[in-house]
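Heads up, the thing below is written out as structure tokens.
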Amino acid sequence: MGLMDGKRGLIVGVANDHSIAWGIAQALHAEGAELGFTYVNEAIERRVRPLAGSLGVQFIVPCDVGSDESIDGTMAAVKSTWGQLDFLIHAVAFANRDELNGSFLKTSREGFRVAMDISAYSLTALAKAADALWATQASILTMTYHGSTQVVPNYNVQGLAKAALEASVRYLAADLGPRGVRVNAISAGPIRTLAASGIAGIRDMISAQKQLAPLRRSVTIQDVGKTALWLCSDLASGVTGEVVYVDAGAHIMHAAPGSE
Ligand code: 0WE
């Protein structure tokens with residue numbers, strides 16, 4: 001008996017076996033969920049197919065969250081394959097690389113638009129396209145980061161996009177709640193994923209987190225997967241519109257304690 005037996009859902013954002021979406025997929029699969037994966041292009045498709053295969057996942061569809069036509073095609077495939085959707089995992093973000101370096105003040109109009117479109121609006125776009133598919137007691141989950149509310153050097157416009165994403169979680173929760181659909185976000189501490197690998201100083205950020213965090217460690221995609229499982233399962237039946245931190249407690253601290 002698994003917590004997710006009989007539940008079917010789509011995972012958007014697996015790029016490789018370091019992806020947070022992959023940690024979530026493994027945790028949900030282990031409790032009996034039936035999964036579908038999306039890929040944004042052929043390079044990602046080549047990485048996603050073997051990962052999907054290792055979990056016995058057969059439903060693999062293209063999805064470019066920057067395109068309404070692509071999202072409509074994805075949801076049409078969900079409708080014809082499953083008829084309804086019990087959960088959706090949204091674990092994608094994108095800002096132009098030159099926006100994630102140096103001063104926020106130099107943010108361009110186009111850089112702002114792209115970050116908001118791909119990192120924030122895409123959640124609403126997916127939720128809207130799946131409007132006729134939501135099962136009662138469905139669960140929508142997205143990924144955010146503390147740079148939404150605190151200034152993290154270099155995170156810049158991506159922090160604004162995460163702030164918009166967190167607000168989207170609350171508005172979507174209010175709209176979909178009457179139908180029993182819950183909408184939540186996990187705010188993960190820094191993890192060395194593909195998206196983070198290009199970030200200068202990510203290693204230092206992770207080791208700084210280890211000093212700061214009450215648990216004195218960084219978090220893994222397995223940590224995130226277990227909280228995702230809780231939020232997508234009936235265990236979190238009373239939780240919606242929430243941002244749950246999975247960061248070993250780091251965000252409660254103002255400064256690391258002195259060594260003594
Ligand atoms: O949300 C993120 C990463 C999001 C991200 C990463 C990239 C890298 C490659 C969005 N767009 C891009 N575009 C690219 O071209 N994180 C929470 C990880 C992250 O990213 C940072 C961080 C942390 C932590 C960027 C600057 C400072 C800290």
Side-chain angles (χ1 to χ4, degrees), residues 3 11 13-28 30-31 89-95 100-102 104 115 119-120 123 139 141-167 169-170 183-233 235-236 239-260:
L3 281 168
I11 307 205
V14 176
N16 60 33
D17 62 344
H18 296 282
S19 295
I20 291 174
W22 176 240
I24 294 173
Q26 289 177 296
L28 295 174
E31 291 293 328
I89 309 298
H90 172 273
V92 292
F94 184 80
L100 298 173
N101 244 309
F104 169 70
S119 306
L123 177 68
S139 178
L141 181 63
T142 188
M143 295 304 308
T144 187
Y145 178 61
H146 195 45
S148 61
T149 56
Q150 297 285 111
V151 174
V152 173
N154 302 316
Y155 200 61
N156 297 348
V157 73
Q158 186 60 50
L160 281 71
K162 290 302 193 186
L165 180 70
E166 290 172 21
V169 164
R170 293 184 284 270
V183 188
N184 294 287
I186 290 175
S187 189
I191 301 176
R192 219 173 282 115
T193 63
L194 183 64
S197 66
I199 308 301
I202 190 77
R203 269 175 184 280
D204 295 340
M205 287 192 59
I206 292 171
S207 51
Q209 286 275 308
K210 290 182 186 171
Q211 320 289 314
L212 188 65
L215 295 179
R216 296 290 187 275
R217 66 176 182 87
S218 55
V219 293
T220 64
I221 63 171
Q222 285 73 33
D223 291 316
V224 175
K226 286 186 282 184
T227 294
L229 169 62
W230 165 62
L231 284 169
C232 289
S233 77
L235 291 178
V239 181
T240 195
E242 193 62 275
V243 177
V244 178
Y245 275 80
V246 178
D247 69 343
H251 76 103
I252 71 165
M253 302 300 292
H254 179 67
S259 52
E260 52 206 297

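- For the pair D223 and R217, the minimum side-chain heavy-atom distance is below 4.5 Å.
- Separation of atoms OG (S197) and CD1 (I202) is listed at 9.0 Å; rounding is to 0.5 Å.
- The two atoms that bring D17 and W22 nearest to each other are O-CD1, 3.3 Å, heavy atoms only.
- Separation of atoms CD1 (I24) and CD1 (I221) is listed at 9.0 Å; rounding is to 0.5 Å.
- Scanning all heavy atoms of the two residues, the minimum distance from H90 to L123 falls at NE2-N, 3.6 Å.
- A donor and an acceptor atom, one from each side chain of S207 and D204, are nowhere located under 3.5 Å apart.
- Residue S218 comes nearest to I206 through the heavy atom pair CB-CG2, 3.7 Å, listed as atom of the first residue, atom of the second, then distance.
- Contact detail for G225 and A27: the closest heavy-atom pair is O-CB, 3.3 Å.
- Taking CG of L141 as the reference point, atom CD1 of I89 lies at 4.5 Å (rounded to 0.5 Å).
- Interatomic distance, OG1 of T193 versus CG of N16, reported as 8.0 Å (0.5 Å rounding).
- Using a 4.5 Å heavy-atom cutoff, the side chains of I20 and I186 are not in contact.
- If you take CZ on R170 and CD on E166, they are separated by 6.5 Å, rounding to the nearest 0.5 Å.
- Side chains of Q209 and P190 form a contact here, defined as non-hydrogen atoms less than 4.5 Å apart.
- Heavy-atom minimum distance, S139 versus C232: OG-CA, 3.5 Å.
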Name the atoms and distances for all side-chain donor-acceptor pairs under 3.5 Å in residues 242-255, with sequence neighbours left out.
{"from": "Y245", "atom 1": "OH", "to": "H146", "atom 2": "ND1", "distance (Å)": "2.8"}
{"from": "D247", "atom 1": "OD1", "to": "G249", "atom 2": "N", "distance (Å)": "2.9"}
{"from": "D247", "atom 1": "OD1", "to": "A250", "atom 2": "N", "distance (Å)": "3.4"}
{"from": "D247", "atom 1": "OD2", "to": "A250", "atom 2": "N", "distance (Å)": "3.4"}
{"from": "D247", "atom 1": "OD2", "to": "H251", "atom 2": "N", "distance (Å)": "2.7"}

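- Heavy-atom minimum distance, A93 versus K162: CB-NZ, 4.0 Å.
- Taking CG of N184 as the reference point, atom OG1 of T240 lies at 5.0 Å (rounded to 0.5 Å).
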